[in-house]
Amino acid sequence: MKLILHIWRQKNQASPGKMVRYEVEANEHMSFLEMLDVLNENLIAKGEEPVAFDHDCREGICGSCGFMINGVAHGPLPNTTVCQLHMRHFKSGDELYLEPWRAAAFPVIKDLVVDRSAFDRIIAAGGYISVATGSAPDGNAIPVRKQDADLAMDAAQCIGCGACVAACPNASASLFMAAKITHLGLLPQGQPERKERVLKMVAAANRELFGSCTNIGECEAVCPKGIRMEFIGRMNRDYLNASFTYQEEKEMAGVG
Amino acid sequence: MTLDSRIPSGPIEQKWDRCKFELKLVNPANKRKFHIIVVGTGLAGGSAAASLGELGYNVKAFCFQDSPRRAHSIAAQGGINAAKNYQNDGDSIYRLFYDTIKGGDFRAREANVYRLAQISVNIIDQCVAQGVPFAREYGGLLANRSFGGAQVSRTFYARGQTGQQLLLGCYQALERQVDAGRVLMFPRTEMLDLIVINGKARGIVTRNLITGKIESHLADAVILATGGYGNVYYLSTNAKGSNATAIWRAYKRGALMANPCFTQIHPTCIPVSGDYQSKLTLMSESLRNDGRIWVPLKKGDKRPPTEIPEEERDYYLERKYPSFGNLVPRDVASRAAKAVCDEGRGVGETGLGVYLDFSDAIRRLGRKTIEERYGNLFEMYERITGEDPYKTPMRIFPAIHYTMGGLWVDYHLMSTIPGLFVLGEANFSDHGANRLGASALMQGLADGYFIIPYTLGDYLANTKLEKVDDSHSAVKDAEREVTVRIQKLLSIKGKRSVDSFHRELGKLVWDYCGMARNAKGLQYAMGKIAELAEEFYHNVNVVGDGNELNQSLEKAGRVADFFELAQLMCRDALERNESCGGHFREEFQTPEGEALRDDENYCHVAAWEYKGEGQSPVLHKEPLRFEYVHLTQRSYK
Ligand SMILES: Cc1cc2nc3c(=O)[nH]c(=O)nc-3n(C[C@H](O)[C@H](O)[C@H](O)COP(=O)(O)OP(=O)(O)OC[C@H]3O[C@@H](n4cnc5c(N)ncnc54)[C@H](O)[C@@H]3O)c2cc1C
Ligand code: FES
């Protein structure tokens with residue numbers, strides 16, 4: 001099959017970018033990234049710079065890959081990262097526009113590669129359970145309801161690819177944060193820090209220039225791991241609850 | 001050079017406790033005076049960096065991905081072993097130890113493996129406390145499944161994403177330390193050389209992958225946790241970026257490389273479909289719990305699998321190995337698949353595949369249970385092949401998956417260069433000639449959470465560390481060498497892409513140093529690889545320059561190192577005139593085609609010393625003694 005690609009080319013963070021048109025011959029068994037590999041081999045043979053894109057596992061789990069295909073994060077197939085998208089879902093003659101994630105918090109580094117380190121800083125702000133190595137009780141000491149463990153796992157599947165931010169008109173990181181807050185908040189181990197966690201993570205996201213959530217739902221539609229909007233509701237409840245009570249508690253404990 | 005493994009004396013159950021007691025400690029106030037470099041943030045490096053940060057050390061951590069959360073460990077699917085015996089099915093530390101030694105075909109150190117089994121139970125506790133959402137039973141307690149090479153159910157799992165969940169636990173612990181200012185994280189930064197001063201590892205040279213800047217980082221000790229070298233085969237189940245550069249640079253600076261020919265072929269991967277293929281996808285071995293492996297009885301039977309009646313199918317693993325059946329260790333299962341395909345009974349378009357069939361399990365347990373256990377794996381299979389495994393059996397074929405070889409380390413996980421520690425898949429330590437499923441995650445976390453925090457302190461407390469700075473000639477030399485190597489790769493501007501060389505190299509290594517090896521083939525491959533490397537340095541085309549993100553340049557450096565490593569792998573395979581575990585030399589097999597070990601001559605670790613450009617490396621042997629598990633021919637019948 002023959003495809004016409006329009007790809008965002010940008011030399012580095014400082015230079016302006018533009019769309020460039022390419023044609024490439026692919027076959028239906030290839031993955032989307034393998035199709036780009038073929039394009040890149042052709043470019044190299046002509047002495048041109050290959051298109052830069054992030055990728056590593058190519059199994060849909062590391063969260064490295066991701067760009068917009070015709071305006072949709074990770075392309076047309078639901079619940080699928082672009083590395084797991086196969087060419088059998090396209091047909092010869094298709095014209096595809098590939099662009100990097102666009103968000104103030106994710107500056108473009110080169111071509112389709114963006115800087116997502118803001119996500120790491122949000123996790124660093126509070127997306128964890130504090131337990132120093134060696135201080136844990138026996139794994140079966142605290143039973144966890146299977147239903148809670150399963151739901152926590154649903155949320156924990158987030159791969160941190162950034163598609164939710166790229167799809168959101170407000171460039172909000174709510175789905176990403178809500179996934180972590182739900183995961184840890186559902187487990188008994190996550191209770192002691194539950195309030196600080198949500199307050200600190202939300203504050204960090206604001207610092208990073210992510211927008212706020214206005215319930216549009218584009219994030220859920222593109223999430224390759226099927227993370228659900230309802231988790232944002234959970235996060236908001238935690239946030240409200242924490243905002244009301246946390247300050248009070250701190251003052252009562254005399255540390256405010 | 002004598003290899004001192006520093007195995008503590010005394011009965012095996014007491015060795016680690018004794019060692020910990022005898023280790024010197026660094027007092028808490030002094031820890032912050034030490035600077036430690038950790039290269040790699042997978043399970044091994046991430047857990048080490050987090051734990052060392054918690055203890056108060058000043059840590060710098062490095063990875064080449066854009067975030068530490070993306071290390072290759074994230075892709076592990078099946079699970080992690082621990083001798084908890086929660087199932088009351090007869091498991092124990094001793095049994096896990098025994099299974100691992102036997103599974104490794106008696107080429108691992110008993111003391112290390114025993115310690116690993118002991119620590120396994122603490123790992124689960126630690127991960128549960130971090131919030132890793134392991135699978136649970138209705139009563140709320142942890143669930144287990146079984147894995148190849150074991151007859152007990154000791155594998156803990158988080159759906160088919162165990163590696164992801166363990167890594168996120170460890171990444172979150174790491175980020176907590178980043179926030180606390182105890183770990184400084186350098187993502188998108190690649191280590192390109194090791195700095196050795198006065199015989200001790202004192203730092204690394206890195207390239208910032210975005211700006212191209214070459215920098216040196218100095219420290220009191222360097223920890224490498226950079227993963228395995230399976231990508232030497234080009235097509236493997238490893239992430240595309242996994243590479244051997246860090247360990248190879250350390251080897252060239254004097255660290256010994258142990259058992260490089262011990263590589264593992266995983267029996268259950270999706271078969272190759274075309275020459276554009278960029279990687280192979282693993283289907284977790286846990287599938288062998290419920291899936292049954294078969295091929296048609298008749299050669300060249302092209303009927304669709306559902307039309308082949310029961311009596312015309314050969315469930316060859318169940319037939320050949322009645323007591324372990326579909327759960328024989330990986331090397332055995334892989335070779336058996338190769339054998340039936342060599343007979344012309346392979347399935348799929350290429351004839352290089354066997355069926356993994358779930359229809360019995362679905363009938364017995366219901367689709368819902370199967371979905372719960374393997375849902376995401378089935379989805380992944382369908383996404384890649386376009387076939388629905390609930391309806392038609394999966395097609396699978398072996399692929400390279402893991403490398404048991406790696407830098408030689410002693411019981412303290414220190415290499416032959418003082419102050420250079422090696423953790424996780426990057427070292428050679430615990431799996432002998434074949435790793436059992438669900439044991440790599442266990443080893444990575446054992447090394448990082450529970451071993452290095454002790455042994456590193458002992459090194460620091462016992463060693464006189466001179467003050468060093470950037471102006472030292474060793475630093476300048478290493479920086480210069482890195483710059484020259486990069487300039488060289490950029491200046492060739494030949495006709496072939498880096499990938500085309502890598503692909504060709506991979507095919508050579510797979511054909512001659514893969515599932516089966518022989519002396520003639522290995523010699524041939526060594527010659528061919530040298531020729532190809534020669535061509536590489538004249539004809540590779542690395543487009544672009546070194547002062548910005550340049551993915552071709554990154555790959556070129558890694559492939560250049562793979563050429564050299566591949567030759568050492570062949571040399572090691574040629575030197576080892578026996579078959580054991582993943583190393584199958586066709587000249588050495590039993591009449592039934594099983595691996596034939598030679599304990600008299602090869603019951604040792606083969607550790608190679610670099611002797612300089614154009615010189616042959618020198619082989620050192622660390623003899624292995626088996627006092628607890630007696631050397632026997634492995635049998636899974
Ligand atoms: C598909 C798949 C499934 C698996 N499933 C299982 C399983 O179910 N159970 C099990 O026990 N094992 C499994 N394994 C094996 C296991 O995942 C790995 O052996 C293990 O995760 C390796 O961890 P590590 O920390 O040693 O290295 P890795 O996770 O590979 O991490 C390497 C780190 O080093 C960094 N790095 C490498 N080179 C450099 C450099 N030069 N400069 C800077 N940074 C560098 C990388 O950025 C990365 O952070 C699986 C493996 C694969 C491929
Ligand atoms: S490359 Fe890892 S998720 Fe796509």
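Below, read A as the first sequence line, B as the second, and so on, with proteins coming before strands; counting in each chain starts at 1.
By the 4.0 Å N-to-carboxylate-O rule, K146(A) lies too far from E137(B) to be salt-bridged with it. Salt bridge K279(B)/D56(A): absent, no basic N to carboxylate O contact under 4.0 Å.
Put simply, CG on D179(B) and OH on Y128(A) are 5.5 Å apart, with the number rounded to the nearest 0.5 Å. Between the CG atom of N42(A) and the OG atom of S497(B) there is a distance of 10.0 Å, given to the nearest 0.5 Å. With values rounded to the nearest 0.5 angstrom, E34(A) atom CD is found 6.5 Å from Y276(B) atom OH. Between atom OG of residue S552(B) and atom CG of residue N40(A) there is a gap of 7.5 Å, rounded to the nearest 0.5 Å. Annotation: the span from I129(A) atom CD1 to Q172(B) atom CD amounts to 7.5 Å, rounded to 0.5 Å. To the nearest 0.5 Å, the span separating CZ on R69(B) from CZ on F119(A) amounts to 8.0 Å.
Between the side chain of Y86(B) and the backbone N or O of N140(A) there is at least one donor-acceptor pair closer than 3.5 Å. At distances below 3.5 Å, not a single donor-acceptor pair connects side-chain atoms of R70(B) with backbone N or O atoms of I61(A). The closest donor-acceptor contact from the side chain of R176(B) to the backbone of G127(A) lies at 3.5 Å or more, if one exists at all. With hydrogens and angles disregarded, no donor-acceptor distance shorter than 3.5 Å links the side chain of H29(A) to the backbone of T385(B).
Counting heavy-atom pairs closer than 4.5 Å to chain B, the top-ranked of the candidates A132(A), A155(A), A141(A) is A132(A). Note on N79(A), V144(A), L43(A): by heavy-atom pairs under 4.5 Å with chain B, the leading option is V144(A). Heavy-atom pairs under 4.5 Å with chain B peak, among K110(A), E49(A), R88(A), at R88(A). Ranked by heavy-atom pairs shorter than 4.5 Å toward chain B, the options H183(A), Q147(A), H89(A) are led by H183(A). Ranking V38(A), I159(A), D115(A) against chain B, the residue ahead of the rest is I159(A), based on heavy-atom pairs under 4.5 Å. Annotation: maximal heavy-atom pairing with chain B below 4.5 Å, among N12(A), T80(A), D37(A), occurs at T80(A).
Side-chain contact annotation: Q161(B) with Q157(A), donor-acceptor N/O pair under 3.5 Å present. No side-chain N or O of S67(B) forms a donor-acceptor pair with one of R116(A) less than 3.5 Å apart. In summary, the side chains of T133(A) and E54(B) do present a donor paired with an acceptor at a separation below 3.5 Å, with no hydrogens or angles considered.
Neither the backbone nor the side chain of E379(B) comes within less than 4.5 Å of any heavy atom of chain A. In this structure, the portions of D120(A) lying under 4.5 Å from any heavy atom of chain B include both its backbone and its side chain. In this structure, the portions of L141(B) lying under 4.5 Å from any heavy atom of chain A include both its backbone and its side chain. The contact between S51(B) and chain A is made by backbone and side chain atoms together, counting heavy-atom distances below 4.5 Å. With a threshold of 4.5 angstrom between heavy atoms, S135(A) approaches chain B through N, CA, C or O but not through any side-chain atom. Proximity to chain B involves both the backbone and the side chain of A156(A), based on heavy atoms less than 4.5 angstrom apart. Within the 4.5 angstrom heavy-atom criterion, only side-chain atoms of E548(B), from C-beta onward, approach chain A. Heavy atoms closer than 4.5 Å to chain A are found in the side chain of L168(B), but not in its backbone. Neither the backbone nor the side chain of N122(B) comes within contact range of chain A; no heavy atom of the residue lies under 4.5 Å from a heavy atom of that chain. For S117(A), no part sits under 4.5 Å from any heavy atom of chain B, backbone or side chain. Using a 4.5 Å cut-off between heavy atoms, K84(B) contacts chain A through its side chain alone, with no backbone atom that close. Contact of Q130(B) with chain A is made through backbone and side chain together, with heavy-atom distances under 4.5 Å.
Here the shortest heavy-atom pairing between I142(A) and R136(B) reads O-NH1, 3.8 Å. Closest non-hydrogen pair, Q551(B) versus A52(A), comes out as OE1-CA, 3.3 Å. Minimum heavy-atom separation, P143(A) to G139(B): CB-O, 4.1 Å.
The 12-atom threshold is exceeded at OH of Y22(A), counting heavy atoms of other residues, nucleotides or ligands nearer than 6.0 Å.
In this structure, the side chains of V113(A) and L549(B) come closer than 4.5 Å at one or more pairs of heavy atoms. For the pair R159(B)/D154(A), a side-chain contact is recorded, criterion being any heavy-atom separation below 4.5 Å from C-beta on. Two residues are said to be in side-chain contact when any heavy atoms from C-beta on lie closer than 4.5 Å; R496(B) and E41(A) fail this criterion. For the pair D150(A)/E372(B), no side-chain contact is recorded, criterion being any heavy-atom separation below 4.5 Å from C-beta on. Contact check for Q165(B) versus M153(A): side-chain heavy atoms found under the 4.5 Å cut-off. Proximity of R58(A) to K240(B): side-chain heavy atoms (C-beta onward) are separated by under 4.5 Å at one or more points. Side chains of R188(B) and I109(A) form a contact here, defined as non-hydrogen atoms less than 4.5 Å apart.
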